[in-house]
> 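Before anything else, here's the structure in question.
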Amino acid sequence: MHSAVDFDDLDRLLAAHRHWWQPAPFRHAEIPWLQNHGRAGQALLALSDDDYQSLRTDDSAARRFLCALFPDLRELDRFPEPDAPELPAGFTEPTHMAGRKAAQVACFCNALDSPTGHLVEWCAGQGWLLEQALKQFPAHTGIGLERTLRLCQQGNARMRKRGLSGLLLEADVMDESTLPALDGNDTVLALHACGHLHQQLVQWAPHQQAGHILLSPCCYHLGERRALSRTAARGRLAADSIDPHLAVQDLTTGHSNRSKRQEKAVAWRLGYDSLRQHLCADTLYRPLRSMPGSVWQGDFADFCQLAAAHHGISLPRETDWPYWLSRGEKRRGEVRRLELLRRQYRRLLEWWLVLDAGYALAEQGYQVSVAPFCDPQYTPRNLLVSARRDRP
């Protein structure tokens, strides 16, 4: 397999540095490394809000600041990020697609060199990727696999209008009985297939003898925490020890309103958990289910009542809500500052996960390369696994 990052070397470093990026401060009030590096920890916790925000949004400045406190971080420089391809020549932003999405699609298709057979888009949505691929390779026909009928209808109407030989099929990629058979030479495309969806592709496409697979994984936390390849399973780092949420902590595509809601959610969850631990004499963090967006438009007390119902406990009527909310906001500030250190490992953890997918395909007879396919300004999830069948 070809990659600018060597998996064995990466696996060795991440395992040796595990104490710096585990455990997550959000879930654990006591962080082991603080016991032996108290002065460095205090320097992090003492950061002003302005200084913290400056470091949070500037990786280079954060690395310089942290290397002075934690010299081990200099070892991360052994894994420089490869240069990413530029936008294809002549690219113009279309009026029917968001700019970042259009750039992602254009760069992804630019990496599609000499496709074979039919073009098959995995988790197609409205088929934007399939449409661009068919424009770029008009001699090919293509299908898109999408479980939402409405999106299939919208995409098919658009492709008919533009005279493209593509068809979106209503199919659930997690249910193989709904999937069409490949002819053993087809090209499968998956741009930002989330978690279990890209894990399913790594298993299904080789079984179907796909000739070429282009996969850009996304949302690793939505999949199973297991190694996909024998190579990773034999490594020093266990796949289930990786916090997949850490691998996707980036700001490139963040929206300001979403970020504000996320910060509120963190403070509320930590405030509630401080209250729960106090009432239950339990020092362990207890996770909560995902909450609908409307919850964050309400107030802290209502959120705590929902959370308590999830955990099967009752909260006292006389609860001092402002006090526990302030505890949550204080904990959020501490957590965010301590996470500056573990965030330095997020890209290397993502490389580990993507290389694992690449090795899973290589072990099934594919010639595989892993590299960025676009500049991170268009998406931080910019790693592409390109796998071609190694035929006799």
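Predicted model, so just to flag it, every value in this text is computed and none were measured. Heavy atoms only: backbone and side chains are in, while hydrogens, waters and symmetry mates are out.
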> Is any side-chain heavy atom of Leu14 closer than 4.5 Å to one of Trp21?
yes

> Can you establish whether the number of heavy atoms outside Asp83 located under 6.0 Å from its atom CG is more than 12?
no

> Which heavy-atom pair separates Asp9 from Asp6 by the least distance, and what is that distance?
N-OD2, 2.8 Å

> From Gln22 CD over to Ile242 CD1, what is the distance, rounded to the nearest 0.5 angstrom?
8.5 Å

> Check the pair Gln53 / Asp49 against side chain to side chain donor-acceptor pair (under 3.5 Å), numbers first and verdict last.
CA-CA 6 Å; Gln53 288 297 339; Asp49 288 345; over 6 Å; no

> Using 0.5 Å steps for rounding, measure from the CG atom of Leu228 to the CD atom of Glu363.
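Result: 10.0 Å between the selected atoms.
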
> Would you please say whether a donor-acceptor pair under 3.5 Å links the side chains of Thr379 and Asn382?
no

> Could you give the distance from CG (Leu383) to CG (Leu355), rounded to the nearest 0.5 Å?
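One finds 8.0 Å between CG of Leu383 and CG of Leu355.
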
> Between Pro217 and Val354, which heavy-atom pair has the shortest distance, and what is it?
CG-CG2, 4.2 Å

> Determine, stepwise, if the pair Leu169 / Glu146 fulfils side-chain contact (heavy atoms from CB on, under 4.5 Å).
CA-CA 6 Å; Leu169 304 177; Glu146 171 54 48; over 6 Å; no

> Might you point out which heavy atoms bring Val370 and Val385 nearest each other, and give the distance in Å?
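Here Val370 and Val385 meet closest at CG2-CG2, 4.1 Å.
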
> Can you confirm if the NZ or CZ of Arg100 lies within 45° of the ring axis of Tyr378 and under 6.0 Å from the centre of its six-membered ring?
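Not flagged: Arg100 not positioned over aromatic ring of Tyr378.
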
> Do the side chains of Glu263 and Lys260 get nearer than 4.5 Å, heavy atoms only?
no

> Quick check: are there more than 12 heavy atoms from other residues, nucleotides or ligands sitting under 6.0 Å from CZ of Arg286?
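Yes, enclosed.
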
> Does the plane of the ring in Tyr220 sit parallel, tilted or perpendicular to the ring in His198? Use 30° and 60° as the thresholds.
perpendicular

> Under a 4.0 Å threshold between the charged nitrogen and the carboxylate oxygen, would Arg56 count as salt-bridged to Glu339?
no

> Got a sec, which hydrophobics cluster with Leu149, joining ILVMFWY side chains under 4.5 Å apart, including via others?
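Leu149 shares its hydrophobic cluster with no other residue.
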
> Grab the two heavy atoms, one from Leu130 and one from Gly144, that are nearest each other, plus how far apart they are.
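Minimum heavy-atom contact is CD2-N, 3.7 Å.
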
> Centres of the Trp20 and Phe70 rings: under 6.0 Å?
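Ring centres of Phe70 and Trp20 closer than 6.0 Å.
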
> Considering residues at least two apart in sequence or located in another chain, which fulfil the salt bridge (Lys or Arg N to Asp or Glu O under 4.0 Å) criterion with Glu86?
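Residues passing salt bridge (Lys or Arg N to Asp or Glu O under 4.0 Å) with Glu86: none at all.
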
> Would you name the heavy atoms of Pro372 and Glu81 that are closest together and state the gap between them?
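Where Pro372 meets Glu81 most closely, the heavy atoms are CG-OE2, 4.0 Å.
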
> Among pairs that include at least one residue of residues 300-321, which meet salt bridge (charged side-chain N to carboxylate O under 4.0 Å, His left out), considering only residues two or more places apart or in two chains?
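Pairs touching residues 300-321 that pass the test: none.
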
> Give the C-alpha distance, both sets of side-chain angles, the deciding distance and a yes or no for side chain to side chain donor-acceptor pair (under 3.5 Å) between Ser48 and Asp51.
CA-CA 5 Å; Ser48 68; Asp51 287 342; 3.3 Å; yes

> Supply the atom-to-atom distance Arg236 CZ to Arg18 CZ, rounded to the nearest 0.5 angstrom.
11.0 Å

> Between His17 and Trp33, does the ring centre distance come in under 6.0 Å?
no

> To the nearest 0.5 Å, what is the distance between CD (Gln126) and CG (Leu168)?
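The distance works out to 8.5 Å.
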
> Check whether the side chains of His212 and Thr116 place a donor and an acceptor atom closer than 3.5 Å, and report yes or no.
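Thr116 and His212 do not have a side-chain donor-acceptor pair below 3.5 Å.
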
> Quick one: are Gln136 and Leu112 in side-chain contact, heavy atoms under 4.5 Å?
no

> Can you check side-chain contact (heavy atoms from CB on, under 4.5 Å) on Leu191 and Lys101, steps first, answer last?
CA-CA 10 Å; Leu191 174 57; Lys101 183 66 174 179; 3.9 Å; yes

> For Val266, which fellow cluster members are found when Ile, Leu, Val, Met, Phe, Trp and Tyr are connected by side-chain heavy-atom distances below 4.5 angstrom, either directly or through intermediates?
Phe26, Leu270, Tyr285, Val335

> May I ask you to list the residues sharing a hydrophobic cluster with Phe303, side-chain cutoff 4.5 Å, ordered by chain and number?
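In the cluster with Phe303 are Trp268, Tyr272, Leu275, Leu279, Leu288, Met291, Val295, Trp296, Phe300, Leu306, Ile313, Leu315, Trp321, Tyr323, Trp324, Leu325.
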
> Show the numbers, then the answer: is there a side chain to side chain donor-acceptor pair (under 3.5 Å) between Ser177 and Asp175?
CA-CA 5 Å; Ser177 68; Asp175 181 357; 2.6 Å; yes

> Out of the candidates Arg347, Arg346, Arg64, only one should pair with Asp59 under the salt bridge (charged side-chain N to carboxylate O under 4.0 Å, His left out) rule; please name it.
Arg346

> What pairs meet the salt bridge (charged side-chain N to carboxylate O under 4.0 Å, His left out) rule with one or both residues in residues 217-228, with sequence neighbours excluded?
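Non-adjacent pairs meeting salt bridge (charged side-chain N to carboxylate O under 4.0 Å, His left out): Glu224-Arg226.
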
> Does one side chain, of Trp128 or Gln104, offer a donor that lies under 3.5 Å from an acceptor on the other?
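Side chains of Trp128 and Gln104: no pair found under 3.5 Å.
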
> Can you confirm whether more than 12 heavy atoms, excluding those of His278, are under 6.0 Å from its NE2 atom?
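Not more than 12 within 6.0 Å, no.
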
> How about Pro85 and Cys374: do any of their side-chain heavy atoms sit closer than 4.5 Å?
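Counting from C-beta outward, Pro85 and Cys374 never come under 4.5 Å.
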
> Given 3.5 Å as the limit, does a donor-acceptor pair link the side chain of Asp356 with the main chain of Ser229, or not?
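Judged by distance alone, yes, a pair lies under 3.5 Å.
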
> Just wondering, more than 12 heavy atoms not from His311 lying within 6.0 Å of its NE2?
yes

> For atom NZ of Lys330, is the number of surrounding heavy atoms from other residues, nucleotides or ligands below 6.0 Å larger than 12?
no

> Should Val188 and Leu182 count as side-chain neighbours, where that means a heavy-atom distance under 4.5 Å?
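In short, these two side chains touch, coming nearer than 4.5 Å.
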
> Starting at NE2 of His196, measure out to NE2 of His221 and round the result to the nearest 0.5 Å.
11.0 Å

> Heavy-atom distance under 4.5 Å between the side chains of Leu10 and Leu237, does that happen here?
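Answer no - side chains too far apart.
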
> For Tyr366 and Arg389, what are the C-alpha separation, side-chain angles and deciding distance, and is it a side chain to side chain donor-acceptor pair (under 3.5 Å)?
CA-CA 4 Å; Tyr366 286 86; Arg389 175 68 66 181; 2.9 Å; yes

> Is any side-chain heavy atom of Gln344 closer than 4.5 Å to one of Leu76?
yes

> Answer yes or no: is there a side-chain heavy-atom contact under 4.5 Å between Arg331 and Asp273?
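Result no, sub-4.5 Å side-chain heavy-atom pair not found.
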
> Might you point out which heavy atoms bring Trp351 and Ser3 nearest each other, and give the distance in Å?
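Smallest heavy-atom distance, with atoms named: CZ3-OG, 3.5 Å.
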
> Between Glu170 and Arg147, is there a side-chain N and carboxylate O pair less than 4.0 Å apart?
no

> Should the ring pair Phe108 and Phe373 be called parallel, tilted or perpendicular, given that the plane angle runs from 0 to 90° and is split at 30 and 60?
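The rings of Phe108 and Phe373 stand perpendicular, inter-plane angle above 60°.
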
